[in-house]
Student: 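Have a look at this one.
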Amino acid sequence: MSEILRCRNLRKTYRDGSLRVEVLKGVDLDVHQGESVAVVGSSGSGKSTLLHCLGGLDKPTEGVVTLLGHEVFSIPAGTRDSLRNEALGFVYQFHHLLPELTALENVAMPLLIGGVPAQAARGRALEWLAAIGMQERSGHRPSQLSGGERQRIAIARALVNEPRCVLADEPTGNLDSQNADRIYDLMLKLTRERGTAFVVVTHDHDLARRMDQQYELHDGILNALDIRDIALASS
Ligand code: ADP
Ligand code: MG
């Protein structure tokens, strides 16, 4: 399987005045095409920091992130931005949809930013809305949608560019278990059908178990989890 995303010896230390917070203390991770990876960890363990570093949004203090063979933090910022826009999709914990835009417009936005003509962008956004069962909500604004629907729209927006890898930060954190299940079903379907890789941060061990690989971020280190440990932890 071809490698999409990799990090080696990833370290991140925040300095706040005289205070030093070592959040990541040497994280290694490999993500291949079609792989789904779950990262669990308690609140404040550095999960969001890890995703931001992997996605080129936050510069690590030390270490290397490689996306499709390019060293993310060694290439010029402009090249990094276009690589990120082409190769990665982000799903944030709180959907970050634009409130004044409709569902369709929100989903089309990454395409418009990427220079796709409006008509084509609209068509592709509609296809994605259909794929997630939301075509009937295309004209709704975020405030007119339920939490689960908003999160599905956010996922469609992350996928509309057909990224090789999606980084999702607690994408189901504010959803009930039925809606959370639907989101995971959708992600795993895309993994199977399109080979999209997923790195999903979650504190839900039951959902983590459904991914191909499970890791726990603890004390700044990423440890592979045995599926049996997860069963014990959630029982
Ligand atoms: P998680 O997503 O697992 O809850 P985060 O990655 O958000 O954890 O945060 C990990 C730790 O880093 C926390 O202690 C948090 O307070 C600290 N932290 C995160 N971002 C910053 C920042 N910009 N400046 C200082 N400390 C930060
Ligand atoms: Mg977080």
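Just so you know, ligand 1 is whichever comes first in the structure, and atom 1 is the first atom listed for that ligand.
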Student: Return yes if a side-chain donor-acceptor contact under 3.5 Å exists between T66 and E71, otherwise no.
Tutor: no

Student: Between the side chains of K25 and D219, is the shortest nitrogen-to-carboxylate-oxygen separation below 4.0 Å, so that they form an ion pair?
Tutor: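 Salt bridge flag = yes for K25 with D219.
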
Student: Excluding waters, how many protein N/O/S atoms sit closer than 2.8 Å to the Mg ion (ligand 2)?
Tutor: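 Near the Mg ion (ligand 2), the number of protein N, O or S atoms below 2.8 Å is 1.
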
Student: Within ligand 1, which atoms have a heavy atom of S43 less than 4.0 Å away?
Tutor: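 Checking each atom against S43, I get 4 (O).
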
Student: I'd like to check atom 19 (C) of ligand 1 in this structure: does the protein have a heavy atom lying under 4.0 Å from it?
Tutor: yes

Student: List every atom of ligand 1 that sits less than 4.0 Å from any heavy atom of S42, numbering the atoms from 1 in the order shown and giving each element.
Tutor: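 Going through ligand 1 atom by atom, the ones under 4.0 Å from S42 are 3 (O).
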
Student: Should we say atom CZ of R80 is surrounded by more than 12 heavy atoms from elsewhere, each under 6.0 Å from it?
Tutor: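 Enclosed: over 12 neighbouring heavy atoms sit under 6.0 Å from CZ of R80.
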
Student: Is any heavy atom of the protein nearer than 4.0 Å to atom 24 (N) of ligand 1?
Tutor: yes

Student: For atom 8 (O) of ligand 1, what's the nearest protein heavy-atom neighbour? Residue, atom name and distance, please.
Tutor: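 That would be G46 N, 3.1 Å.
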
Student: Tell me if a side-chain donor or acceptor on Q151 pairs with a main-chain N or O of I183 at a distance below 3.5 Å.
Tutor: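 Judged by distance alone, no pair lies under 3.5 Å.
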
Student: Between R8 and D30 (salt bridge meaning N to carboxylate O under 4.0 Å), is one present in this structure?
Tutor: yes

Student: Tell me: protein heavy atom nearest atom 27 (C) of ligand 1, and distance?
Tutor: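 Residue, atom and distance for the closest contact: Y14 CD1, 3.3 Å.
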
Student: Do any nitrogen or oxygen atoms of G44 lie less than 3.5 angstrom from nitrogen or oxygen atoms of ligand 1?
Tutor: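 There is such a contact, yes.
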
Student: Flag yes if more than 12 heavy atoms outside R182 fall under 6.0 Å of its CZ atom; otherwise flag no.
Tutor: no

Student: With a 4.5 Å heavy-atom cut-off, do T191 and F198 have their side chains touching?
Tutor: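 The answer is yes, as the side chains (C-beta and beyond) meet within the 4.5 Å cut-off.
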
Student: Would the distance check show the side chain of D204 and the main-chain N or O of D206 forming a donor-acceptor pair, the cut-off being under 3.5 Å?
Tutor: yes

Student: According to the interplanar angle, ranging from 0 to 90°, do the rings of Y92 and H96 count as parallel (below 30°), tilted (30 to 60°) or perpendicular (above 60°)?
Tutor: tilted

Student: In terms of side-chain geometry, is the basic nitrogen of E3 or R6 positioned less than 4.0 Å from the acidic oxygen of its partner?
Tutor: yes

Student: Decide whether the shortest distance between a heavy atom of D16 and an atom of ligand 1 is less than 4.0 Å.
Tutor: no

Student: Show which atoms of ligand 1 fall inside a sub-4.0 Å distance from at least one heavy-atom site of V23.
Tutor: 10 (C), 11 (C), 12 (O)

Student: Can you give me the closest heavy-atom contact between L101 and M109, atom names plus distance?
Tutor: CD1-CE, 3.4 Å

Student: Look at atom 7 (O) of ligand 1 and say which protein heavy atom is nearest, naming residue and atom and giving the distance to 0.1 Å.
Tutor: S48 CB, 3.8 Å

Student: Could an N or O of ligand 1 be found under 3.5 Å from any N or O of V21, whether backbone or side chain?
Tutor: no

Student: Below a 4.0 angstrom heavy-atom separation, can you tell me which part of T49, side chain or backbone, both or neither, approaches ligand 1?
Tutor: both

Student: Could I get the full list of salt bridge (Lys or Arg N to Asp or Glu O under 4.0 Å) partners for R141, not counting sequence neighbours?
Tutor: none

